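Encoded as structure tokens, the structure appears first; notes follow it.
So you know, we letter chains A, B, ... as the sequences are listed, proteins then strands, and number each from 1. Small disclaimer: the values here were computed from a predicted structure and weren't measured.
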Amino acid sequence: MSEMPKAYDHTAVEGPIFESWLAGGHFAQHPLPGGERPFTVAIPPPNVTGSLHMGHALNNTIQDVVVRRARMSGRPTRWVLGTDHAGIATQNKVEQKLAREGKSRHDLGREAFIEACWEWRREHGSTIIGQLKAMGCSCDYSDEWFTMDPSYQRAVRTVFVDWYQQGLIYRGKRIINWCPRCSTALSDIEVEHDDLEGHLWRFRYPLAEPAADGRDHVVVATTRPETMLGDTCVAVHPADERYRDIVGATVVLPLVGRRIPVVADESVDPAFGTGAVKVTPAHDPNDFEIAERHGCAKVNILNADATISAEGGTYAGLGRYEARRQVVADMEAAGLLLGVETHVHAVGHCYRCHTVVEPWLSDQWFARMAPLAAPAIEAVRDGRVTFHPKRWESVYFHWMDNIRDWCISRQLWWGHRIPVFYCDACGTPPVASMEDLAECAECGGPVRQDEDVLDTWFSSQLWPFATLGWPERTPELAYFYPTAVLSTARDILFLWVARMIMSGMRSVDGKVPFEDVIIHPTVFNAEGKRMSKSLGTGIDPLDLMEHYGADGMRFGLMLQTTGTQDIRFAEERLLSSRNFANKIWNASRFVLMNLDDGFTPGGPEAATAADAWILSRLAGLAARVDEGIVAYEFGDVARSLYEFFWSEFCDWYLELCKPRLFAGTRETASAAERAGRLTAQRNLVFVLDVALRLLHPMMPFITEEIWRRLPLTGQNRAPSLMVAAWPDPTELARFRDNDAERSVSKMLEIVVAVRGVRARYRISPKQGISVVVRTQAETDVQLLDAEFAYLNALAGIDSFVAATDATKPAHSVTVVAGGMEVYVPLEGLVDFDAERARVAKELASAADDLAKAERKLANEGFLAKAAPDVIAKERAKATESADRIAALREQLDELEA
RNA sequence: GGGCGAUUAACUCAGCGGGAGAGUGCCUCCCUUACAAGGAGGAAGCCGGGGGUUCAAAUCCCUCAUCGCCCACCA
């Protein structure tokens with residue numbers, strides 16, 4: 001066994017440990033066994049264009065924690081890995097690369113461009129996989145998927161054809177969100193709305209002939225003046241008295257000259273603006289509906305790049321904002337601009353490139369969502385899928401209950417091409433086909449395939465089952481589906497999570513794709529701002545791992561992960577986590593360096609109160625960690641582990657073991673002392689072993705490195721901690737010992753109190769002291785006698801007298817601890833003023849406690865209604881406080897004498 | 001216009017019906033032979049304001065304020 005360096009060096013440990021896991025085959029899925037319940041997790045596939053950011057770091061730590069616990073628990077575990085082809089993102093990357101060479105995708109042509117995308121993926125697509133490895137994620141790296149794999153393509157096509165044939169997919173001319181930069185349609189939820197300050201212009205639209213009431217114009221308001229070029233009617237509310245006389249009149253559209261009607265439509269809000277709406281059916285969804293109802297024309301005045309089209313007459317060719325300025329200027333020149341005011345309104349932006357999107361009338365493919373949503377709503381309602389935290393379910397329901405059809409076609413080249421074939425010759429309806437068609441089945445004429453590809457999310461939604469071989473009915477699918485848990489950020493709840501539930505249930509026999517959904521916190525920077533690479537407000541997890549180690553980063557993130565709060569990233573948590581790793585390292589080093597050659601591990605033995613205490617605490621920890629991971633309470637689990645290991649194991653138990661360890665190693669040691677040393681060694685190894693197992697899911701590298709050095713035998717041994725047995729809380733429960741916990745905490749209180757005296761009076765740790773203890777309980781005397789070695793080791797107490805009738809020595813300071821009075825002789829060093837102040841403060845606090853307790857005990861309502869154990873506790877508290885007050889009063893009297 | 005979350009020590013946050021906690025920072029002492037990435041001791045909080053429920057409220061309810069997020073076709 002090699003020497004352990006004095007400080008933990010993660011850079012020397014993580015690489016080799018990871019390689020050993022890989023070589024050991026521990027990541028690979030277990031062979032399909034018989035009865036055991038498998039545990040499957042499908043990783044949210046990162047974009048091939050992606051690199052690890054803090055969201056990934058958090059999300060993948062969470063998944064690794066639950067996966068590692070499951071694996072150690074003996075369940076056949078499979079964490080499915082892969083990447084998403086990310087249509088828009090990847091196409092953008094490749095187009096940027098081409099642009100640097102002065103080329104566009106059109107110069108290459110479709111086929112060559114797609115090949116260039118594949119090439120890009122071969123070069124850059126595995127960046128993030130390497131970063132997951134650096135984090136220690138225990139994915140099955142031998143089973144990597146890509147959403148454009150041939151078998152995955154088959155899954156996508158199968159779903160498309162099924163939905164198409166069942167009437168769940170249709171093509172139509174609708175208003176969609178168009179990104180002029182990406183030159184594609186977007187679905188409604190791919191548009192991000194930002195409130196921006198714009199303007200509301202008021203225009204005068206002249207009437208062709210004066211109305212019955214004599215008026216000759218109508219005033220409309222708009223935030224997008226350029227759209228007037230495409231106006232085809234003006235709408236007012238039917239009940240709006242102001243406009244009753246002009247309904248049916250004709251407006252002569254300024255700048256354009258088109259004669260358009262005034263219609264009455266319920267959708268108009270009379271209270272907004274002027275109560276009269278200019279209607280641009282090709283560029284506003286609401287206007288589109290109005291035009292449909294009234295049979296108005298739909299004039300599309302925008303090209304794909306958001307320049308004005310030929311329909312815009314003299315404005316054709318202008319950019320949309322240029323056109324806006326020009327229209328306003330021309331209206332003003334014509335005396336038709338009545339006013340302008342600033343106006344804050346929500347403006348849609350492309351979620352990929354943040355360009356302002358345009359509502360645009362075009363031919364697109366849509367998926368009919370309501371029929372798919374119904375069973376998916378039911379599945380969450382009846383608990384087949386559970387969200388954590390639960391409150392996300394209402395967000396899910398709200399969206400699902402109001403779900404709208406999904407625009408699934410994209411005018412891109414990189415993606416799953418829509419498998420629909422048209423025959424232009426004979427006019428047969430388009431055919432969706434699993435196989436590419438060469439000729440028309442009706443007339444034998446040539447067919448052409450639809451040019452569009454599918455929304456990337458259309459393929460992503462199949463992830464949990466397409467990665468198990470679906471549409472083939474593979475044994476893997478039968479065995480590993482549904483997955484156990486899906487962990488993700490909330491921003492893709494609708495884009496991805498909801499759609500997986502819908503498509504999963506439809507595709508795989510009505511079965512949900514996962515049982516639990518974890519919506520984890522969003523990681524913000526220290527200022528509470530979204531982390532963004534482009535804004536420079538992000539923190540790179542790779543840098544963090546370099547500074548704090550993968551374990552330090554993981555544990556630091558887990559400490560910050562609670563159900564209610566987003567994370568305002570606190571780097572000092574990573575610092576304390578790295579220090580925690582170092583603490584684990586050194587405690588382990590201490591244990592190992594205090595083992596003898598030929599040491600044989602043995603069962604733990606509660607030979608002393610300290611042993612019983614630490615074993616009891618360990619049993620409590622195991623239960624808490626196990627429950628906590630199952631309930632996804634990561635922050636609480638991390639804190640429990642930290643508290644146990646650092647405070648209880650290191651600060652107390654290791655110190656409590658030192659007397660036995662050192663006594664038993666002397667030449668002159670008695671047989672009993674040698675036995676005591678062996679017991680301590682065995683207990684230390686046992687506790688360390690269990691603690692490392694419990695820590696492993698959160699801190700896999702350091703725990704593995706240390707664990708391999710432990711001298712374990714028999715069934716405690718395993719090829720790797722990764723596949724060692726998870727501590728069984730039920731089995732460990734036999735160590736629960738409330739008496740030992742109480743006794744030891746009394747002892748520890750005395751130690752702390754005496755140390756306090758030492759600190760106040762600057763008594764060197766090297767200087768031994770003798771103390772006198774007075775207690776009312778004979779059991780306390782026995783306890784102190786039995787555990788004197790601890791008092792000696794931890795508080796430097798050389799000798800003591802404990803008795804129920806002990807008397808206070810002269811020139812001593814009194815402290816009350818563990819229900820006892822402890823007198824520390826100070827040989828005339830006592831600072832009476834300081835002691836008076838301290839005792840008076842303690843007295844006030846004790847008096848406060850007593851008053852509170854007495855108030856409760858005097859309250860009949862309390863006695864009548866509070867739980868018996870609460871009352872008993874309150875009585876004990878009162879007694880304790882009273883005793884304490886008596887002792888403190890006595891002290892104070894003496895100090896004042 | 002709806003909905004959700006947050007408000008606790010200087011900072012970042014736990015706790016969510018029965019004695020106010022952690023990490024970091026701060027103060028004092030200590031390089032004690034596992035660890036100075038450490039040890040020991042300590043200071044520090046009307047638990048956002050106001051009302052209510054309850055024997056009992058940081059914790060449950062209502063309300064207000066502030067901050068943040070999501071959804072929504074208001075020109």
Side-chain angles (χ1 to χ4, degrees), chain A residues 4 6-8 175 188-189 193 200 220-224 227 235 267-269 271-280 284-289 343 345-346 359 389 391-392 394-395 398-399 402 490-491 493-494 522 524 526 528-530 548 552 556 559-560 562 564-573 575-594 635-636 639 642-643 650-651 654-655 658 662 752 755-760 762 764-766 794 796 848-849 852-853 855-856 859-867 869-871 873-874 877 880-881:
Chain A
M4 291 175 76
K6 202 169 154 183
Y8 174 60
I175 297 276
D188 294 336
I189 48 177
H193 293 274
L200 188 65
V220 296
T222 179
T223 56
R224 294 182 297 153
T227 61
S267 70
V268 177
D269 175 5
F272 186 88
T274 62
V277 185
K278 59 181 277 305
V279 177
T280 318
D284 183 285
N286 201 28
D287 292 4
F288 179 86
E289 298 295 327
H343 179 70
H345 63 302
R391 68 189 141 84
W392 289 104
S394 59
V395 179
H398 183 256
W399 190 71
N402 298 287
R490 61 167 171 272
D491 51 355
L493 177 57
F494 308 140
T522 302
F524 295 102
K529 295 275 160 28
R530 188 167 286 279
Y548 305 108
L559 279 171
Q560 299 179 66
T562 58
T564 53
Q565 290 250 74
D566 282 332
I567 296 173
R568 192 178 277 218
F569 184 68
E571 196 162 332
E572 65 263 25
R573 294 292 182 138
L575 179 67
S576 49
S577 297
R578 184 205 52 174
N579 294 350
F580 183 45
N582 193 236
K583 193 72 181 177
I584 295 168
W585 183 259
N586 276 291
S588 305
R589 194 163 70 97
F590 172 80
V591 171
L592 291 171
M593 70 173 43
N594 279 288
D636 193 59
R639 274 185 296 278
Y642 187 96
E643 163 74 13
C650 294
D651 290 348
L654 290 189
E655 297 303 325
K658 282 179 182 175
F662 298 158
V752 169
R755 281 175 179 171
V757 174
R758 281 181 173 279
R760 267 180 275 133
R762 303 284 146 82
S764 156
K766 294 181 186 99
L794 301 184
D848 204 43
D849 289 346
K852 260 189 223 164
R855 212 176 307 135
K856 282 190 184 179
N859 183 332
E860 283 179 30
F862 177 73
L863 295 174
K865 294 185 181 176
D869 60 311
V870 173
I871 297 173
K873 210 171 152 195
E874 209 60 38
K877 206 192 300 177
E880 208 175 286
S881 299

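- Nucleic acid contact for A/R758: none, since no nucleic acid atom lies under 4.0 Å from a heavy atom of the residue.
- Of the candidates B/rG39, B/rG18, B/rA36, the closest approach to any side-chain atom of A/K6 belongs to B/rA36.
- Contacts of A/A867 with the nucleic acid, taken as non-hydrogen atoms under 4.0 Å apart, include base atoms.
- A/D269 comes within 4.0 angstrom of a nucleotide base, judged by non-hydrogen atoms across all strands.
- Of all nucleotides present, none satisfies the Watson-Crick or G-U wobble test against B/rA57 with each distance under 3.5 Å.
- Among the nucleotides B/rC69, B/rC73, B/rG23, the one closest to any side-chain atom of A/R573 is B/rG23.
- Residue A/F662 contributes atom CZ, which lies 14 Å from atom P of B/rU32 at whole-angstrom precision.
- The distance between atom CZ of A/R755 and atom P of B/rG39, rounded to the nearest whole Å, is 11 Å.
- Side-chain nitrogen and oxygen atoms of A/R568 include at least one within less than 4.0 Å of the OP1 or OP2 phosphate oxygen of B/rC13.
- Among the heavy atoms of the strands, none lies under 4.0 Å from A/A864.
- With values rounded to the nearest 0.5 angstrom, A/L200 atom CG is found 5.5 Å from A/F272 atom CZ.
- We find the CG-CE distance between A/N586 and A/M593 to be 8.0 Å, quoted to the nearest 0.5 Å.
- Counting to the nearest Å, the P atom of B/rA36 and the CG atom of A/N582 are 8 Å from each other.
- Taking the side chain of A/S576 as heavy atoms from C-beta on, and the options B/rU24, B/rG19, B/rG18, the nearest nucleotide is B/rU24.
- Taking 3.5 Å as the limit, the base of B/rA14 and the side chain of A/E643 contain no donor-acceptor pair of atoms between them.
- Proximity of A/T562 to the phosphate of B/rA14: a side-chain N or O atom is located under 4.0 Å from OP1 or OP2.
- In this structure, A/H345 reaches the sugar-phosphate backbone alone: every heavy-atom distance under 4.0 Å involves primed, P, OP1 or OP2 atoms, never a base.
- Residue A/K766 contributes atom NZ, which lies 17 Å from atom P of B/rA40 at whole-angstrom precision.
- Separating the P atom of B/rG38 from that of B/rU32 is a span of 16 Å, rounded to the nearest Å.
- Across the protein-nucleic acid pair, A/Q565 atom CD and B/rC16 atom C1' stand 13 Å apart, rounded to whole Å.
- At whole-Å resolution of the value, CH2 in A/W399 and C1' in B/rC70 are 13 Å apart.
- In this structure, A/L654 reaches the bases: a heavy-atom distance under 4.0 Å links it to at least one base atom across the strands shown.
- Residue A/K873 is classed as having no contact, given no heavy-atom separation below 4.0 Å to the nucleic acid.
- A/K856 places its NZ atom 9 Å from the P atom of B/rA57, with the value rounded to the nearest Å.
- Note on A/R589: only backbone sugar-phosphate atoms sit closer than 4.0 angstrom, heavy atoms only; bases stay farther off.
- Within the 4.0 angstrom heavy-atom criterion, only backbone atoms of the sugar-phosphate kind lie near A/R490; the bases stay farther away.
- Using a 4.0 Å heavy-atom criterion, one finds that A/F494 contacts the sugar-phosphate atoms exclusively.
- Ion pairing between A/D566 and A/R490 holds under the 4.0 Å rule for side-chain N and carboxylate O.
- A/H343 has a side-chain polar atom (N or O) that falls below the 4.0 Å cut-off from OP1 or OP2 of B/rA75.
- A/L794 contributes atom CG, which lies 9.0 Å from atom NZ of A/K658 (distance to the nearest 0.5 angstrom).
- Contact annotation: the side chain of A/D284 approaches that of A/R224 to within less than 4.5 Å [non-hydrogen atoms, C-beta and beyond].
- Note on A/V395: nothing from the nucleic acid sits closer than 4.0 angstrom, heavy atoms only.
- For the P atoms, the distance linking B/rU7 with B/rA58 amounts to 15 Å, nearest Å.
- Nucleic acid contact for A/D287: none, since no nucleic acid atom lies under 4.0 Å from a heavy atom of the residue.
- With a cut-off of 3.5 Å on both Watson-Crick or G-U wobble distances, the partner of B/rC16 is given as none.
- Using a 4.0 Å heavy-atom distance criterion, A/V268 is classed as a base contact.
- Contact check, A/K583 against B/rC35: no side-chain N or O comes under 4.0 Å of OP1 or OP2.
- Checked for salt-bridge contact, A/K877 and A/E880 miss the test: no charged N lies under 4.0 Å from a carboxylate O.
- Contact between the side-chain N/O atoms of A/K658 and the OP1/OP2 oxygens of B/rU32 is not found at any separation under 4.0 Å.
- Atom-to-atom, CH2 of A/W392 to C1' of B/rG3 comes out at 11 Å; the value is rounded to the nearest Å.
- Within the 4.5 Å cutoff, no side-chain heavy atoms of A/V279 are placed close to those of A/F288.
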Handout entry: side-chain hydrogen bond (donor to acceptor under 3.5 Å, both in side chains) evaluation trace for A/K852 with A/S881
Key = CA-CA 10 Å; A/K852 260 189 223 164; A/S881 299; over 6 Å; no
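- Within the shown strands, B/rC67 is the pairing partner of B/rG5 under the Watson-Crick or G-U definition, both distances less than 3.5 Å.
- Look at A/N579 and you'll find a side-chain N or O under 4.0 angstrom from OP1 or OP2 of B/rG38.
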